[in-house]
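Before any comments, here is the structure.
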Amino acid sequence: MYQQKYDVIVAGGGTAGIAAALSSSRAKAKVLLIEKNSYVGGTAASGLPFIDFFNRDGRQIVAGIAEELMKQLFREKAALKHIRTSGGHLNSVTMIDPEWLKIIAEEMLLESGCDILYHSFVCGAKVENDTLSSITVANKNGLTKFQADCFIDTTGDGDLAKFSGARYHQGRERDGLCQAMSLLFKLGDVDVERTTALFSENPVVACPVGGDHEYNLHISGKLSKWNDIVKKDEIFPHPDHNIWAGTMRQNELTYVNTVRVSEKNGADAYELSEAEIEGRAQLKKVIYFLNKYVPGLEKAHITSIPNGIGVRETRRIDGEYVLTGKDVIEGRKFEDRIARNGYCIDIHDPKGQGWGISRIQSQDQSYDIPYRCIVPVRIDNLLVAGRCISTTSEALASTRIMPSCMALGQAAGIAAALSANKKIAPRKLNVEEIQNILKKSGALI
Ligand SMILES: Cc1cc2nc3c(=O)[nH]c(=O)nc-3n(C[C@H](O)[C@H](O)[C@H](O)COP(=O)(O)OP(=O)(O)OC[C@H]3O[C@@H](n4cnc5c(N)ncnc54)[C@H](O)[C@@H]3O)c2cc1C
């Protein structure tokens, strides 16, 4: 079934990788998706909500494959509908069941004719004359080489681009530090009503509405009520005692986001290992604390921890254009747009000193992401999509949300298929052609 040579190889099967492989395969390319885990989904498989399919005014700005995936999940009752939120930093929340996401996304990929290779880590690349000629994959079979006409790096960390010698930046401009990481977890046996009622009185930002659901869907609360205890028992090593959580089903918190690990490099195996260990040690204290003090969580127990700590920021591959924080805030528009986003700049301080947002100021409450942000400056047959695109650290704090990663993946997939088919480097493609295909396939640009 598997081939040694493909039209397009996609490295990494998170939100961006799913959309990239699917759109490339639907554009008639023979595609291999390579994923180090045993499932697709990446960070989305930790149960986080897809935020901001909508802008602040309630206009949908991301659709395409991302919306298609949500519709399939709605059908399986494995996602709640898009819930518009009020008052806080979010414009909309779409809660999903992460286990169903793995099943449905895999089905969609297989139906498109894409090959999926799990348990395989892309660990090397051979570049000749600025062209990626083969990549090396490590798995149970040892080391294997694969070739393709065009490659897409959707590893989140830009691993393939880095192995190819592409230029990149990491962390904030002044000291190279990245946003804090968070070890997420899922809780069972939760009295959701009591817990959400408590946090509605104690919000970080206004608590999003529960829509027409009988219980509140999303918590965004402060733990400051228990400041003395938190300090005495050294629960958190930082002053950012917020809790973000969401519920997809009765009696569970599908994800809880409160553990923070800072000043570690998520693209370094040694520091990442230290972060996992620190995250789990913090989680143990947090669980004892939640059980003891937070109403509704007395009996709550961990039902799962994702396959890896949540990494918000690592490498950003230098592209033909670098999207800036100013572009985001001013809602800048570009002729070569391939995606739109309405999410604020959302920064979890790299030193664990808190959390802050900056809102988009333009009238239409959204900005464009240009095609040039997914085209690395050096390697000719490589595209990037998702978290590792070409931005400043500030702009990444907005572009990194999942609907936007999927929109970028969809565009990269189309561009890679065109490049493989026409034997033209991605940077030389006619962007209007990509935009037309995107529009025909339901993307909003
Ligand atoms: C704690 C936290 C909370 C967040 N909250 C939200 C939220 O509420 N809503 C929202 O929309 N976004 C949220 N985000 C942001 C969002 O989840 C991520 O930015 C987004 O999912 C990144 O998608 P991606 O496809 O670029 O990367 P990933 O989801 O990281 O996918 C990368 C994939 O590549 C695989 N991979 C990596 N390296 C290799 C390799 N060398 N070889 C093979 N496979 C590889 C990984 O296993 C993974 O499957 C949050 C992020 C974090 C960390």
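Because the structure is predicted, anything quoted here is derived from the model rather than measured. Whatever order the structure lists them in is the order used to number ligands and atoms, beginning at 1.
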request  = Give yes or no for whether the N/O distance cutoff of 3.5 Å, strictly under, is met between Pro49 and ligand 1.
outcome  = yes
task = Give the single entry among Ile18, Asp159, Thr43, Thr154 that approaches atom 17 (O) of ligand 1 most closely by any heavy atom.
result = Thr43
task = Look only at interatomic distance and state if Arg312 has a nitrogen or oxygen under 3.5 Å from any nitrogen or oxygen of ligand 1.
result = no
key: Stepwise salt bridge (charged side-chain N to carboxylate O under 4.0 Å, His left out) check, Asp7 with Lys30   = CA-CA 5 Å; Asp7 298 330; Lys30 188 61 200 158; over 6 Å; no
note = Nearest heavy atom to atom 25 (O) of ligand 1, choosing from Ala11, Ala20, Ala16, belongs to Ala16
key: Ligand-residue contact atoms, ligand 1 with Pro403, heavy atoms, under 4.0 Å   = 11 (O)
ask   = Any idea which atoms of ligand 1 are less than 4.0 Å away from a heavy-atom of Ser182?
value = 1 (C)
ask   = Without hydrogens or angle criteria, can the side chains of Asp52 and Asn91 be said to hold a donor-acceptor pair below 3.5 Å?
value = yes
inquiry  = side chain to side chain donor-acceptor pair (under 3.5 Å) for His82 and Glu67? Distances and angles first, verdict last.
reply    = CA-CA 10 Å; His82 298 307; Glu67 178 66 25; 2.9 Å; yes
query = In terms of atom number and element, which parts of ligand 1 are under 4.0 angstrom from non-hydrogen atoms of Met402?
reply = 9 (N), 10 (C), 11 (O), 12 (N), 16 (C), 17 (O), 20 (C), 21 (O)
key: Sub-4.0 Å heavy-atom approach of Gly409 to ligand 1   = no
note = Atoms of ligand 1 under 4.0 Å from any heavy atom of Gly310, numbered from 1 in the order shown, are 53 (C)
key: Subset of ligand 1 atoms that lie under 4.0 Å from at least one heavy atom of Gly386   = 26 (O)
query = Which of the numbered atoms in ligand 1 are below 4.0 angstrom from a heavy atom of Leu48?
reply = 3 (C), 4 (C), 5 (N), 6 (C), 8 (O), 17 (O), 50 (C)
query = Is there a donor in the side chain of Ser133 and an acceptor in the side chain of Glu128, or the other way round, less than 3.5 Å apart?
reply = yes
message = Is there a polar contact between ligand 1 and Thr15, counting only N or O atoms under 3.5 Å apart?
response = yes
note = Going by the 4.0 angstrom heavy-atom rule, the piece of Thr155 near ligand 1 is both
task = Assess whether side chain to side chain donor-acceptor pair (under 3.5 Å) is satisfied between Asp115 and Tyr6, documenting all intermediate values.
result = CA-CA 10 Å; Asp115 286 348; Tyr6 284 83; 2.7 Å; yes
query = For Phe53, does its backbone N or O pair with a side-chain atom of Ser92 as donor and acceptor, under 3.5 Å?
reply = yes
request  = Show your working on salt bridge (charged side-chain N to carboxylate O under 4.0 Å, His left out) between Arg427 and Asp380 and close with a plain yes or no.
outcome  = CA-CA 7 Å; Arg427 84 181 79 257; Asp380 280 340; 3.2 Å; yes
query = Arg26: what forms a side chain to side chain contact (heavy atoms under 4.5 Å, CB included) with it, not counting sequence neighbours?
reply = Leu22, Ile65, Glu68, Met108, Ser112
ask   = For ligand 1, which atoms sit closer than 4.0 Å to a heavy atom of Val122?
value = 40 (C), 41 (N), 42 (N), 43 (C)
request  = Would you kindly specify which portion of Leu160 sits under 4.0 Å from ligand 1, judged on non-hydrogen atoms: side chain, backbone, both or neither?
outcome  = neither
remark   = Near Arg400 (heavy-atom distance under 4.0 Å), the atoms of ligand 1 are 14 (N), 15 (C), 16 (C), 18 (C), 19 (O), 20 (C), 50 (C), 51 (C)
query = Taking Asp157 as the fixed residue, which of Arg387, Arg315, Arg312 is the one that meets the salt bridge (charged side-chain N to carboxylate O under 4.0 Å, His left out) rule?
reply = Arg387
Worked check of side-chain contact (heavy atoms from CB on, under 4.5 Å) between Leu253 and Lys186 = CA-CA 6 Å; Leu253 288 181; Lys186 185 174 179 179; over 6 Å; no
